[in-house]
Each structure stands twice: as structure tokens, then as C-alpha cells.
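Per chain, numbering begins at 1; letters A, B, ... match sequence-line order. The shown structure was predicted, so the numbers you read here are calculated from the model rather than taken from an experiment.
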Amino acid sequence: MNFLEALGRWALFYVAEMGRMLIFVLSAFGWLARPPFRAFQAVKQLHFIGYKSTFVVVLTATFTGMVLALQGYHTLRKFGSEGLLGAAVAVSMIRELGPVLAALMVTARAGSAMTAEIGIMRITEQIDALDTMAVNPLQYLIAPKLIAGLIGVPLLVAIFDVVGIYGGHVVGVELLGVNSGTYWNSIESAVEWKDVYGGILKSISFGLIISWVCCYKGFFTKMSAEGLGNATTEAVVLSSVLILVWDYFLTALLFNL
Amino acid sequence: MLKLVGVTKTLGGQPVLRGVDLVVPQGKLTTIIGRSGEGKSVLLKHMIGLLQPDSGEVWVDNVEISRLRGHALNEVRKRFAMLFQGAALFDSLTVFENVAFPLREKLRLKGADVTTRVEEKLDQVGLAGMGHKFPAELSGGMRKRAGLARALVMQPEIMLFDEPTTGLDPLMAKSIHDLITSMQRKFGFTAVMVSHEIPEIFGISDYVAILKRGKIAAMAEPAEFQRTTDPEIKEFISVGGTLPMASSAKGVL
Ligand SMILES: Nc1ncnc2c1ncn2[C@@H]1O[C@H](COP(=O)(O)OP(=O)(O)O)[C@@H](O)[C@H]1O
Ligand SMILES: [Mg+2]
């Protein structure tokens, strides 16, 4: 009985929380459609999420591409098909690893900072101050971050894919001796429009998940330093988990139809 | 006119306001005093609709604002400006941009209009030439004064000041008090101030209200407090053993 009660309470809490999150993001998008348009804010956020994440994304992508080529080469060689190395690297990069790893890196780097920034603004009453000046915080603070996530993450994923494929080239061609022409040709013949399109769709939705979750957790931070720490942790965990779960369902939908 | 009727509020399981009745006279400076944690900041936030009462009403002229939302609430808020206890400056903006913010956002002013008004206010709060600094580079007292400049620059009908002089040295506190009273006299706005500066506030306020155990225990003109026989109020207002009125009134005015 007690267990059921606890379970029920837990379930109710999460249903209510999901409802709050949905209202939060819908009102932010609603405010986006109303003037004044915060183009400058959006560009600033894009610079923060996008440009400032470039280094860590390039670094991760390089090593991911390199290790993929290393692993792929030894597996493919067993079947005498080293010539397919480029295809193996590119397809796993574009379909899966690019979007997921880039999104996880952005969550860790920019998402947590977003939660902390908004959370501090909540604790130090800057969000209340916006309200008293009749400036809607969802419009001024949150909407530009949502836009930046939607645009910035796909751009970072594109960089991740390209750099990763070059990383694979370095290991596969220059270290392991696969023919360079073969590497590029196999990519050209194996990668389909559907892969690219799927990757873009994934990265857009991951971008939304990151800004949504991280803004929400910051916006409703409990009024203490401990609350701020918890909010940041929860934002990173929830955003990462949602990315992986959503990735599974989107993959099932996109590639298995 | 600003009026609270039977306002109650429980926060974090603790009853903070237990039926506040308060009429703030138009065009006057009313100061609310009370111990730390008594709910003075919470009370101010009810006046501008940042917090909603659990029960009771908040009237701004003939609008009951406690159940207002969205556009209607914004329209009421445009008549207010507030200085927060912690100043609540925007970290990502310079001091100049902070003070310019309400001019640009609320009044849609641009260019030279903004610059003139911002620099005038920064000068008045003693922050001339500090406009390019970020809030993190200022001391607590300087942040407070920047917050004050941001509130005063709007010249609204109703001003809320949450501890404008806490953390300032006595000279600076006096000049801030002078600034508030002279602005108040010049523009005639209705002002509500929360302060611990006893006895100084008795010299500058038109009315003083005491918040105690979640209610307004007393509200009167400063002179009347001198004649009070209530021992608790007497103790409260005669901090340091001196009777507030005689010593302060002339010194500050
Ligand atoms: N957002 C909040 N959540 C929970 N408790 C709060 C909140 N704001 C204020 N309180 C509590 O209400 C009481 C009054 O706070 P406050 O109005 O800040 O006091 P003060 O008179 O010093 O300004 C305090 O006990 C404080 O902990
Ligand atoms: Mg306070």
C-alpha cells in the first residue's frame, strides 16, 4: 500500500513536471512570435552555444573519427573489405555519432552554463527585475536560447561530421595505408540523402532538447546555492538521457521504415 | 493610491504575512520598518505583483492586481519602479546599460536621450564615470547605488525601495536619503521604502509603518511615534537609547 502510494505520488509529480515543461517551452515560442524581436540576443546566444563550443567539438570529432577508423579497419580487414572503411566511418558519423556526441558535448559545455546563468539570475532576482520592468523573461532570456540551440547544434554537428571523417582519413589512409581515392569513393557511394537528412533532423531536435531542459532547470532553480548546484546537475543528466532515448526512437522511425 | 487588504502569504511552509492592511498615501514617502526576516521584502513584492497573496487584495488605484496576469499586469507595472534589496543588476550588462535598460525597454528611448538621462542619474548617485564597469567589478554599496539609478531613471508614479542604504557608509547613506527625498519632492511620486536606518528615517519619511508578526503593528507620522506609550514600539524605534525625533530631524533635512 505504502509502496503504491509512493509510486503514485512519484508518477503524479513527473506528469505535473512534464506539463510544466511543456507549458514553459510553448509560452517561450509564443513570445518569440511577438515583437520586439530579440535578434541581437539570439546572435549573442548563438555565439555562446555555437562558436564557443567549436573547439571541444573539433577535438572530440577528430578522435572519434580516428578511433572509428582504427576499429573499423581491423574488423573490415577480416572480410577483406578495407575499401569500405570510408563508408563505415562516414555513415556511423553522419547517422549516429556526430549528432549524439556533439549534442552531449554541447550539453556539458554550454547547457550546464546556461542553467547556471539563468539560475543565478533567478536567485539574485534579476528575473524578477525583468518582470518589474514589464519585460517578459521568457521572451528576453529563454526564447533567444531556444533559437540558438535549434540553429547552433546542427551547425556544430555538421562540423563534427566533416572533422570526424577527416580524422578517419588520417588514421585509415595515412597510418593504415588504405587508398585515399577508395576512402572517398566509398563514402560517395554509401552515404544517402536519407542519412544526411536524418542526421540534420536529429541534431535539430537535440538542440531543442538541450536549450529546453537547461533553460527550464535554471528558470525554476530553488533559491539557494545548493538549489543552483542541483539544478545544473539535473539539467545535464536529464538533457543527456533525453538525447539518448530520443535518439533511439528517432533512429527507429527514420531508418527502419 | 496603493492599498493592501488582509494580505496573507505562506512561504516554504512558514506563514510570513498574516493579514496585512496598509494604505500607502499618494505622493508621500512611507517607510516600512521591522526586524530581519519579518517579511518586508515579501510585502514589497506583493505591491508590484511579483508575489501573489494566498488571500487578500492588492489595489493600485482601482485595479486589484493580485489576480492579474500577462498584459494587464504589465500595464500596471509600467507605473512602478523597484530597487531590490540585492540591487538585482543584470550581470551581463554594464552599469550604463543596466540604467539604460528600462528607458530602452519601457519608454523605447534611443541614442542621446538615453545617454543624457543615464549619465545624469549616475552622477546623482555618485557613480559618474563608472558606466563602463560590470556589476561584478563594483562593491556592494556601488551596486546598490547603480540599482537606485536604474529605479530612479524611470521617474514612475510609484517607487519601491528595498533597503536603499543598507551596506553604505553613513555619509553615502545620507546622500542617498537626500537624493530620494529631493527626487520625491520634485516629481511627487508615491514612495515605499524598507529601511533599518533608525533614527534617520524618522527625519525623512512622511509616514512610518511597523511590520511585526506578519501584520502592520502601527502606522503614523514620525512625530506620533514619539508620543507612543506602547513599550514594544518604543523599544523598537529608540535603538541606541536615544529618542529618534529630536536628534535626527534637523540633521537630515
Ligand atoms: N521565495 C521564497 N521562498 C521561501 N521562503 C521565502 C521566500 N522569500 C522569502 N521567504 C521567507 O520569508 C521570510 C521573510 O523574508 P523577507 O521578506 O526577505 O524578510 P525581510 O523582512 O528581511 O525583508 C523569511 O523567513 C524568508 O526566508
Ligand atoms: Mg528584505
Side-chain angles (χ1 to χ4, degrees), chain A residues 23 26-28 30-31 33-49 52 110 113-145 148 218-228, chain B residues 11-12 41-42 44-52 65 68-93 97-108 110 135-136 140 143 146-147 150-151 153-154 156 158-163:
Chain A
I23 291 171
L26 291 181
S27 2
W31 276 102
R34 270 176 262 186
F37 302 107
R38 309 277 180 184
F40 175 71
Q41 292 294 323
V43 172
K44 215 165 123 181
Q45 291 306 319
L46 193 58
H47 176 259
F48 177 74
I49 294 181
K52 288 189 170 176
M114 233 190 285
T115 308
E117 183 199 334
I118 299 173
I120 286 173
M121 292 188 72
R122 166 65 70 197
I123 292 177
T124 57
E125 299 178 320
Q126 294 175 50
I127 293 181
D128 286 336
L130 280 175
D131 262 320
T132 64
M133 294 183 217
V135 173
N136 188 291
L138 290 181
Q139 186 185 39
Y140 184 79
L141 276 183
I142 307 301
K145 290 188 162 63
F219 202 76
F220 294 102
T221 300
K222 296 265 173 350
M223 300 289 278
S224 64
E226 195 194 349
L228 183 63
Chain B
L11 280 168
S41 300
V42 168
L44 279 196
K45 286 180 189 170
H46 278 81
M47 295 179 184
I48 194 171
L50 282 176
L51 289 172
Q52 281 76 40
I65 67 161
L68 287 187
R69 286 169 159 271
H71 183 70
L73 184 56
N74 270 350
E75 284 307 303
V76 175
R77 280 178 177 158
K78 284 186 177 161
R79 305 173 51 190
F80 281 84
M82 176 164 182
L83 165 65
F84 284 83
Q85 187 167 350
L89 297 175
F90 301 123
D91 293 327
S92 57
L93 302 181
E97 287 164 338
N98 262 284
V99 180
F101 191 89
L103 294 176
R104 289 175 174 153
E105 291 294 333
K106 263 186 172 175
L107 302 187
R108 310 244 149 262
K110 288 202 173 77
R143 276 202 287 276
R150 188 176 69 181
V153 78
M154 285 303 292
I158 307 168
M159 299 265 336
L160 310 177
F161 304 103
D162 199 344
E163 306 199 7

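- The distance from the CG atom of A/Asp128 to the CG atom of B/Leu51 is 7.5 Å, given to the nearest 0.5 Å.
- The line from CZ of B/Phe84 to CD of A/Gln126 is 10.5 Å long, rounded to the nearest 0.5 Å.
- Surrounding CZ of B/Arg69 are at most 12 heavy atoms belonging to other residues, nucleotides or ligands under 6.0 Å away.
- In terms of the salt bridge (Lys or Arg N to Asp or Glu O under 4.0 Å) criterion, residue partners of A/Glu117 (sequence neighbours excluded) are, by chain and number, A/Lys145.
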Item to check | Derivation of the side chain to side chain contact (heavy atoms under 4.5 Å, CB included) call for A/Glu125 and B/Met82 | outcome: CA-CA 12 Å; A/Glu125 299 178 320; B/Met82 176 164 182; over 6 Å; no

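- The contact between A/Met133 and chain B is made by backbone and side chain atoms together, counting heavy-atom distances below 4.5 Å.
- Contacts between B/Leu160 and chain A at a heavy-atom distance below 4.5 Å are absent for every atom of the residue.
- Within residues 135-142 of chain A, the residues having any heavy atom under 4.5 Å from a heavy atom of chain B are, by residue number, A/Val135, A/Tyr140.
- Contact count against chain A (heavy-atom pairs under 4.5 Å) is highest for B/Arg150 among B/Lys78, B/Arg150, B/Glu75.
- Note that the OG1 atom of A/Thr132 and the NZ atom of B/Lys45 stand 10.5 Å from one another [nearest 0.5 Å].
- Heavy atoms closer than 4.5 Å to chain B are found in both the backbone and the side chain of A/Leu130.
- When the candidates B/Gly70, B/Gly147, B/Pro156, B/Pro102 are compared by the number of heavy-atom contacts under 4.5 Å with chain A, B/Pro102 comes out ahead.
- A/Ala134 and B/Asn74 make their closest contact through CA-OD1, 3.5 Å (heavy atoms, listed as atom of the first residue, atom of the second, distance).
- The distance from the CG atom of A/Asp131 to the CG atom of B/Leu73 is 7.5 Å, given to the nearest 0.5 Å.
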